[in-house]
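Scroll down for the structure; my scribbles are underneath it.
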Number of protein chains: 4
Amino acid sequence: MATSKHAGGRPREQRVDTAIAAAVRAVIGESGYAGLTVDAVAATAGVGKASIYRRYATKQEMTFAVLLHDLREESPADTGTLHGDLSALTEQIAEQLRGPGAGTLTGLLADIRADPELRTRFAETFLAVERGIITTLLDRAITRGELTHRPDAALVQALLLGPLFAWLIVLDEDSARATELAHLVATVATNALTANLLPTETWSTPVTAPDAVPGR
Amino acid sequence: MATSKHAGGRPREQRVDTAIAAAVRAVIGESGYAGLTVDAVAATAGVGKASIYRRYATKQEMTFAVLLHDLREESPADTGTLHGDLSALTEQIAEQLRGPGAGTLTGLLADIRADPELRTRFAETFLAVERGIITTLLDRAITRGELTHRPDAALVQALLLGPLFAWLIVLDEDSARATELAHLVATVATNALTANLLPTETWSTPVTAPDAVPGR
Amino acid sequence: MATSKHAGGRPREQRVDTAIAAAVRAVIGESGYAGLTVDAVAATAGVGKASIYRRYATKQEMTFAVLLHDLREESPADTGTLHGDLSALTEQIAEQLRGPGAGTLTGLLADIRADPELRTRFAETFLAVERGIITTLLDRAITRGELTHRPDAALVQALLLGPLFAWLIVLDEDSARATELAHLVATVATNALTANLLPTETWSTPVTAPDAVPGR
Amino acid sequence: MATSKHAGGRPREQRVDTAIAAAVRAVIGESGYAGLTVDAVAATAGVGKASIYRRYATKQEMTFAVLLHDLREESPADTGTLHGDLSALTEQIAEQLRGPGAGTLTGLLADIRADPELRTRFAETFLAVERGIITTLLDRAITRGELTHRPDAALVQALLLGPLFAWLIVLDEDSARATELAHLVATVATNALTANLLPTETWSTPVTAPDAVPGR
DNA sequence: ATATAAGCGAGACGGTACGTCACGTCTTTGT
DNA sequence: ACAAAGACGTGACGTACCGTCTCGCTTATAT
């Protein structure tokens, strides 16, 4: 059994993909998200514009692919307690948000919102994955007996992600204190969950594709 | 001493200001934030481009002025309890975020982040006001005896604003449930505050003047 | 009666028109017709590309307008004899063909042929004018009694223009001898005309409307 | 001694040459000379682009080779009179010019003029051959006693080729009348020649290689 | 028989030019 | 002096072609 044999014609060079990704990051580092032009990326990467547009339909898609590739969520380790799990997750989120920088993230988010296709892909490949992690984590707590039932994961996600996002992106506060905030958020959320403040998911409002999550 | 006497020449028509503001909203409603061009605004408003640029230095400034004028925070009413006050505030925040739509807010936020001057004005005229409200609210709770000391307002702001922002803007969840989330957030925050989970503001991190940090 | 009053808005600057025309000629002189790019013209003229495209829909239209403006036919002087008139005309044609250079003319001609609209304009503004001159000239000869009837002007045009075009453009022969050839052509044509070798225009074949030809 | 033995490796398939030639003509017929792209030719021919570039260095060379292969001049038959010979030649020229269509010829001519190498080859393989034919024809007339001396062949060529070229290519007149014009041109040229209007070739201005012609 | 060499379709590659669009400025005519 | 209209220089966008290259494969001759 073969895996995608290569139909014919010259295969895409991985070197080009690498160069594009590096160039995107370099140009953003140099000129910011606003100064990110396709020509600049092509020039920096030593690559033709056509090679970029052969891979990505628009500049936004390119940026999305390059920048969000780094942000891929990893499966959370079991720390033994709900608070520990939540703490690990919020720390990871803080880490990810800190990376690209506030300016980049707002620009990227705006671009994602403007393009319906990107929006869907963002929801599916990023938000849904994170939500899946949260679900896993909550189920573990139920198994342990820390929780009696599973609350709405979307609300939990908002409670966890929101404060960190606000701190780093909206308020533009000191990123050094993000870890501190991460722990605070984890504690607050743990309290809320164990106090049964959150309703269960009764209205079924999945981000996009709930079935695509657990199988992963 | 008179206030802005009008030095000479034809005075500006207020009609033009109104038309611009209306046109900005109309164009965004029609074509989204991405389709918001100065030419489109001028044409829709029946106004020359020069009249726009006589008022605002850049397109971003125009958008900022028009869209964030509505969002001016109002002084909070004293509901008698900390939880009531927080609930009123989060509801107000939810209301404001629901208004312009997610696409508009992300775009606007990106533009604000890209322009240092706008960033400062955003922090001063919006974030700082909101933070002031929070401070007022916390002081009231201390007076009532609900709190023993005043925790860091920036952290409180992140905890209150964040989940709503995430829900409406990042996760793009059902805006009808925003009120529900607002109450949840208020409750969670009240619990955290009364449990003394938040540290007091020891590092002095004002929103408006990061350069005022004493370490300098 | 006024001549196109200027409806409103900033008027086109004639300086730009002039600069574009000069730049087109400069770039062709520098890099040949093949090296004539819109960007080069814009840069040389110190003009934005948009200002070029505001005037001309395509590069070809620009080239057409600039290069064929010089070639405008002037009304022929009456020399007193048919041979003298023809000689003056062929000399003028030779002069015009010699000007832009063979490479430019072939390129321009190819572009004109490729665009139906340009083709029509070329026929109307250039070929038809030249043919009108020929008609005038023949009528004069009839008045003088040198000719008994007016032969088909299209055939005369082919006989006069053709050899010079072939010599300079197709065969790329010595342009210094073009004047000699012009006189020869005039003499040969005079002989043919006075010998009544050419038929009268019976089929009605206007330059501008070739589709009206019945034989098709 | 063998002719090009084939050093090793797979020999070129003649099928490919044929397919390319057919495709060039097909694409021109479909999209005109302007729409003649190498990719289109390759796709139409069912051939890789590399196979085209293995045969021709540039697109222009390909076009040249394919389109001018048909136009090869054939040796003229002796009709017994100068006028008959000239008539046969002009008819043949008219036939050749009628074939590819005006748009194609102007485009091709422009490309030939732009490339020095093609220009040389065009002069040598096409113009010089035609001039050789004219020379032969004139010599025959001298032998017959119709002419007393041999006039400049380049001038004769211009007189013969020019009007037909102008009629079909520049003026874009009815190609059905080209034969009529061919006879007219032959008559006019015969008159001019027998009237000794043309000078002999005193300045020696061969197209390219005069010695390469007669020996054939 | 097998190695060597080149041709083959397919299509990716770096470049270059095209024509479009938006920005923020400037210049006209009116009021 | 402000207003509407719209031209101006700048610069990025996404598309199209050119001529080159690299794949995996096929087809000849040379050993």
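Note that the structure is predicted; figures quoted are calculated from it, not measured. The sequence lines fix the lettering, A, B, ..., with proteins before strands; numbering per chain opens at 1.
Taking D:K49 as the reference, D:D39 meet the salt bridge (Lys or Arg N to Asp or Glu O under 4.0 Å) condition, with sequence neighbours excluded. Here B:F122 pairs with B:F126 under the ring pair (Phe, Tyr, Trp, His ring centres under 6.0 Å) rule; sequence neighbours left out. Qualifying side chain to side chain contact (heavy atoms under 4.5 Å, CB included) partners for D:E30, counting only residues two or more places apart in sequence or in other chains: none. By the salt bridge (Lys or Arg N to Asp or Glu O under 4.0 Å) test, B:R54 is found to be paired with no residue, residues two or more places apart in sequence or in another chain being considered. Listed by chain and residue number, C:E13 satisfy the salt bridge (Lys or Arg N to Asp or Glu O under 4.0 Å) test with C:R15 (two or more places apart in sequence, or in another chain).
Considering only side-chain N and O atoms, C:K59 lies under 4.0 angstrom from the phosphate OP1 or OP2 of E:dC18.
Rounded to an integer number of Å, the gap from CD1 of C:I52 to C1' of E:dC21 is 16 Å. The OH-C1' distance, from B:Y53 to E:dG24, rounds to 5 Å in whole Å. Going from atom CD of D:E61 over to atom P of F:dG19 covers 10 Å, rounded to whole Å. Rounded to whole Å, atom P of E:dC18 lies 11 Å from atom CG of C:D111. The distance from atom CE of D:M62 to atom C1' of F:dG19 is 12 Å, rounded to the nearest whole Å.
The main-chain N or O of D:V47 is never found under 3.5 Å from a side-chain atom of D:S51 such that the two would form a donor-acceptor pair.
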Quick test: give all pairs of protein nitrogen or oxygen and nucleotides 7-9 of chain F nitrogen or oxygen below 3.5 Å, distance rounded to 0.1 Å.
from, atom 1, to, atom 2, distance (Å)
F:dA7, O4', C:R10, O, 3.2
F:dA7, N3, C:R10, NH1, 3.3
F:dC8, OP1, C:E13, N, 3.4
F:dC8, OP1, C:R55, NH1, 3.2
F:dC8, OP1, C:R55, NH2, 2.6
F:dC8, OP2, C:R54, NH1, 2.7
F:dC8, OP2, C:R55, NH1, 2.8
F:dC8, O5', C:S51, OG, 3.4
F:dG9, OP1, C:G46, O, 3.3
F:dG9, OP2, C:G48, N, 3.0
F:dG9, OP2, C:S51, OG, 2.6

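Counting only residues at least two apart or in different chains, salt bridge (charged side-chain N to carboxylate O under 4.0 Å, His left out) contacts with residues 57-68 of chain B comprise B:E61-B:R121.
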Scan the side chains in residues 99-117 of chain B for donor-acceptor partners under 3.5 Å anywhere in the protein, sequence neighbours excluded, and list what turns up.
from, atom 1, to, atom 2, distance (Å)
B:T104, OG1, B:P100, O, 3.2
B:T106, OG1, B:A102, O, 3.1
B:T106, OG1, B:G103, O, 2.9
B:D111, OD2, B:Y33, OH, 2.5
B:R113, NH1, A:I169, O, 2.5
B:R113, NH2, A:D172, OD1, 3.2
B:R113, NH2, A:D172, OD2, 3.3
B:D115, OD1, B:E117, N, 2.9

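For the segment residues 26-42 of chain D, the set of residues with a heavy atom within less than 4.0 Å of an atom of DNA chain E is empty.
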